[in-house]
Amino acid sequence: MTPALPPSPLTKGKGRESGAHVTPEIAVSKYNPSEIEPKWQKRWAEAGLHKTAYDPAKPKYYVLDMFPYPSGSGLHVGHCEGYTATDIITRWKRMQGYVVLHPMGWDAFGLPAENYAIKTGIHPRVTTEQAVANFRRQIDSVGFCYDWDREVNTTDPSYYKWTQWIFLQFFRKGLAYEGVMPINWCPSCKTGLANEEVKGGLCERCGTPAERKALRQWLLRITRYADRLLEDLAEVDWPESTLLMQKNWIGRSEGAEVAFRISGGSADGQELRVFTTRPDTLFGATYMVLSPEHEIVERITTPEQRGAVKAYQEQARRKSDLERTDLAKEKSGAFTGGYAVNPANGKKIPVWIADYVLATYGTGAIMAVPAHDERDFEFATKFKLPIIEVVKPVQGPTTLPQAAFIEDGISVNSGDCDGLATAEVKKKITKRLASEGSGKAAVTYRLRDWLFSRQRYWGEPIPIVHCPKCGAVGVPEEQLPVALPEVERYEPSGTGESPLATIEQWLRTICPKCGGNAKRETNTMPQWAGSCWYYLRYLDPENGREPWSKKAEKQWMNVDLYVGGAEHAVLHLLYARFWHKVLYDLGLVSTKEPFKKLRHQGTVLARTYSDSRRKYYPLSEIEFKNDEPYLKATGEKLQCEIEKMAKTKLNGINPDDVIMQYGADTLRLYEIFMGEFELPKPWDPRAIEGCNRFLRRIVRLVDEFDPSKVSPGDPHKRLRHRTIKQVHCDLDRMHFNTAVARLMEYVNELSSAGAVREDLETLTKLVAPFAPHLADELWERMGKSGFLLTQQWPVYDEKLTAFEQVTIVVQVNGKLRGDFLASPDATQEELQKAAFDVPKVKPHIEGKTVRKVIVVPKKLVNIVAG
RNA sequence: GCCCGGGUGGUGGAACUGGUAGACACUAGGGACUUAAAAUCCCUUGCCGUAAAUAUGGCGUGCCGGUUCAAUUCCGGCCCCGGGCACCA
């Protein structure tokens, strides 16, 4: 029934030289990944196995990795973790009959290549090409099943032609506009930064403190989509923390806009509008604060206060973002001399300026309610401004006058609102303001428009022509792409403009509208631009007439699973969602959201070794005594920590080295066996060994297959079905580590108790998504033909996954005292009776009264006695 | 300061909606095979006791308290680590 297996190519391996004195019969099976992995990669490529063609007869699945920036240092094991996960899912889905789209490409515009060009004069295109080739080689060596026919590269003119085309659609809809405004400027990168790119006052990329600089810039009106970017988060299956970050970044607050009338001075009678989330505290507004940059400051300031106000404005201007955030603990400000009237009670209140009020949020002005806002409280205390309580806690004592009471409560000192609850007062006052024409309900967002221009060379040129007569004119679509010209030097020009501004020949052009002389836009797009729509280009990468066809979009969208680092939780994901919504409005895509399910891989950490001066050393310079690290050269004892992999910390692991030593299948297996996919986890070079051993045991199992060693029949039938079920369910939850553990248990059992053919075939199929090279090799070795990717994923029979007998544990007063075996169908009465008969249980209930017995079917019996 | 994650053996980590804590793996120790080594296989490995042959009692999931017959899991308070935000009115 079971045919004898042909001799294994696996048994050859290294043994070619030793073959002379080792007879095949007693050959120890060898697992030689360096032989079988290239062999199968070659066969897969020759068969075009990973090419995807849409098939309406099959369900579709779109699995996307965040495409990498091809850096010069190559792929690291952190990339491989996410790619391994999506590869496993892809193979698993394909075996289940899905047609799976799983592409890869390059986010290749960016600063490192450009900075390298500035240093060396080598064109970024050249370094990028080299880096891409290296990445490609590395990715292929891990055996990932990407459909390379769909490869995209954001720096390819045939790609950025469409990035520019999309920009023009934005421009046409009024979603891209020019503005001269103080922007975040990184003096080191010599370029403007979007709000999202400044972290704690520092440039996100290089850590240099950001400055303010007024330059002509392009902006995208992302704020117009704030509400939809928020609402549609309800449709997606994303990590809770990422959803929260997006929500916080958009920062919607509901409240009211209130108009205060200025009293006295040259601005007498003018309206001063503020935004507040607490209109209920209007009676407690005892002063107002404008941001130092507010346009009305000029007119409201009295001659006596002019000096102080000017000085304060100057001081605020000089403060960098860093100082405004980190160091601005102590409140500061200046009185303008002007007054405004509180519309609630007609009282005149002073108007101040202070930099704790931001020019860019709300209306750039606030009503200050020191009794119920911490910041206003602090400011009022410092400048001795009146504090009037208008909200009392529903019960218990208030925090005043020691601290502001910021909770909701019951209104006091608020005229006819006294005694009402905060929520009610908010509505009542807003309504009244509206009827008096001095206010209305309002919503404000923290989100700002997206600064979309960079003064850099290595990016997509913004396809705009500046004409003295017609203004900014979009480049006609048939003239796209506006290609990057060759330049002599890559440095930004002295004026802060991009190097493109120095290429006269390229710069000068004809206005598409009037035919007069005009100049090209010299700003380029930020790196995020290309990644805002790459997932759409994969659908139809060769299309020369349009960015993608409607048909392809309908067939493949949404992305069913998107995997990438959590560092993109705000930037890339917000920008891509924004573009997608604009494309939706243009009728170019049919879904509101691009990425249905999103998961982040956890960061891969590794040990670092540093001396007392915090200088890092590579493993090669370290020796271990009693497991403790010492520097070989000096014998100094080193400090060992577990940190994120970084070049500077010398703790990076190159997948090439792992593949050379253990093979790609072992690398893949270890990547996902390390720990839970979404959590950070340390790379332990020793633990890889276990994964390699596991694969070798599988090889032996097949190699030494001997049906006579196993008990008759199909002894592992239930275990087999249970294993299928568990692996399947774990993959569904992306719990790869436990799926592998289940496979290990199965292999352990088969190794000790022998296997039937069915076991080996099932095992090979189950292992295939994880270790595809080895699986295909074993499949062939078992006399089968074809690739496992085209085989059917094993199916389990639910009935057979149940145990024939289950262990029932017996507790007395919650403490484990014994156990017994029972049928899973045993009744509660039977279980209870059996529990009392367990010998070990008896002494614990002797002489006691049984008060209660709890029986949990298939699990336990708890006897409560006392 | 606020908002999220997370604290489980020597180590990485398991444990579905409360029901045998420590699956699976690594390390370490012991043994088998071998001329030897590697590989492989078997045993032990949370801690503390009693017994020391099979055995057996207690403690134990960051800390303190609560709910429950039963808590790694639920609730309240606190400590530590990682990430995000940081005057957003």
Side-chain angles (χ1 to χ4, degrees), chain A residues 28-30 199-201 239-245 247-249 251-253 255 274-278 281 289 324-326 328-329 331 354-358 360-369 372-376 378-379 444-448 566-567 569-570 602-603 605 627 642 644 670 673-676 678-691 693-694 696-697 700 726 729 733 735 737-745 747-748 751-752 807-816 818-819 840 851-866:
Chain A
V28 186
S29 77
K30 285 238 171 60
K199 300 227 157 146
E240 211 42 58
S241 59
T242 305
L243 290 174
L244 208 76
M245 277 196 252
K247 284 175 193 162
N248 290 342
W249 194 266
R252 178 190 151 98
S253 11
V274 303
F275 173 74
T276 178
T277 53
R278 293 292 301 270
T281 62
V289 189
R324 276 201 178 200
T325 55
D326 262 20
K329 295 210 164 84
K331 291 278 178 292
D355 66 1
Y356 83 91
V357 173
L358 307 174
T360 46
Y361 183 76
T363 61
I366 62 157
M367 64 178 214
V369 185
H372 305 289
D373 181 282
E374 281 170 333
R375 297 149 302 180
D376 297 345
E378 213 183 302
F379 190 82
T444 301
Y445 297 91
R446 196 187 98 107
L447 183 70
R448 316 272 158 73
E567 65 272 20
V570 174
T603 324
L605 313 169
D627 253 7
I642 291 178
K644 197 169 162 173
Y670 182 63
F673 186 64
M674 262 185 292
E676 196 179 308
E678 303 199 60
L679 294 179
K681 43 205 155 293
W683 185 276
D684 182 354
R686 287 185 301 194
I688 304 171
E689 193 60 48
C691 291
R693 195 171 296 151
F694 168 64
R696 292 200 307 263
R697 297 185 77 184
R700 271 224 336 265
Q726 285 169 324
C729 293
R733 295 184 301 160
H735 287 200
N737 53 338
T738 50
V740 174
R742 298 288 91 88
L743 288 169
M744 285 173 166
E745 281 177 299
V747 167
N748 288 347
S751 298
S752 60
T807 306
I808 304 292
V809 297
V810 185
Q811 297 179 334
V812 178
N813 293 330
K815 289 209 164 125
L816 183 67
D819 57 38
K840 281 192 217 164
R851 302 231 160 101
K852 199 171 169 186
V853 180
I854 288 122
V855 181
V856 181
K858 296 182 206 176
K859 290 264 160 71
L860 61 58
V861 177
N862 189 8
I863 300 165
V864 186

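Residue numbering restarts at 1 for every chain, and letters A, B, ... go by the order of the sequence lines.
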How close or far is atom [atom2] of [N] from atom [atom1] of [X], stated in whole angstroms?
X         : N      : atom1 : atom2 : result
Met744(A) : C24(B) : CE    : P     : 10 Å
Arg851(A) : U68(B) : CZ    : P     : 16 Å
Lys681(A) : G83(B) : NZ    : C1'   : 14 Å
Lys644(A) : G82(B) : NZ    : P     : 13 Å
His735(A) : C16(B) : NE2   : P     : 10 Å
Leu679(A) : G7(B)  : CG    : C1'   : 12 Å
Arg697(A) : A25(B) : CZ    : C1'   : 11 Å
Asn737(A) : C26(B) : CG    : P     : 15 Å

For atom [atom1], what is the distance between [N] and [M], given to the nearest Å?
N      : M      : atom1 : value
A89(B) : G7(B)  : P     : 33 Å
A71(B) : G60(B) : C1'   : 14 Å
G10(B) : U17(B) : C1'   : 34 Å
C47(B) : C85(B) : C1'   : 42 Å
G12(B) : U27(B) : P     : 15 Å
A25(B) : A15(B) : C1'   : 16 Å
G57(B) : C63(B) : P     : 25 Å
A53(B) : U40(B) : P     : 33 Å

If the cut-off is 4.0 Å, is [X] near the phosphate of [N], judged by side-chain N/O to OP1 or OP2?
X         : N      : answer
Arg446(A) : A89(B) : no
Arg686(A) : G12(B) : no
Asn748(A) : A25(B) : yes
Lys815(A) : C59(B) : yes
Ser752(A) : C41(B) : no
Lys852(A) : C69(B) : yes
Arg742(A) : A14(B) : no

Once rounded to the nearest 0.5 Å, what's the spacing between atom CD1 of Ile808(A) and atom NZ of Lys858(A)?
9.5 Å
To the nearest 0.5 Å, how far apart are CZ in Phe673(A) and OG1 in Thr738(A)?
9.5 Å
Students often get this wrong, so: under 4.0 angstrom with heavy atoms, is [X] touching a base, only sugar-phosphate, or nothing?
X         : answer
Pro680(A) : sugar-phosphate
Phe673(A) : base
Arg448(A) : base
Lys858(A) : nothing

Is RNA chain B part of any stem, that is, at least 3 consecutive Watson-Crick or G-U pairs with both distances under 3.5 Å, and where?
B:1-7 with B:79-85, B:10-12 with B:24-26, B:28-32 with B:40-44, B:46-50 with B:55-59, B:62-66 with B:74-78
Regarding Asp376(A) and Tyr356(A), is there a side-chain donor-to-acceptor distance under 3.5 Å anywhere?
yes
Here's a test of your reading of the structure: between Gly675(A) and Ser751(A), which maps to the more 5' nucleotide of RNA chain B?
Gly675(A)
For Thr738(A) and for Lys859(A), locate the closest nucleotide of RNA chain B by heavy-atom distance; then report the residue assigned to the nucleotide nearer the 5' terminus.
Thr738(A)
Any side-chain heavy-atom pair from [X] and [Y] closer than 4.5 angstrom?
X         : Y         : answer
Met674(A) : Asp684(A) : no
Ile854(A) : Gln811(A) : no
Asn813(A) : Ile863(A) : no
Thr360(A) : Arg448(A) : yes

Going by side-chain hydrogen bond (donor to acceptor under 3.5 Å, both in side chains), name the residues that satisfy it together with Arg446(A), two or more places apart in sequence or in a different chain.
none
Holding to side-chain hydrogen bond (donor to acceptor under 3.5 Å, both in side chains), I want the full list of residues that pass it with Ser241(A), two or more places apart in sequence or in another chain.
none
Using the glycosidic torsion, which applies to G9(B): syn (within 90° of 0) or anti (everything else)?
syn
Picking from G19(B), A89(B), C3(B), which would you name as closest to the side chain of Leu244(A)?
C3(B)
Pair Arg742(A) + Glu745(A), salt bridge at N-O below 4.0 Å
yes
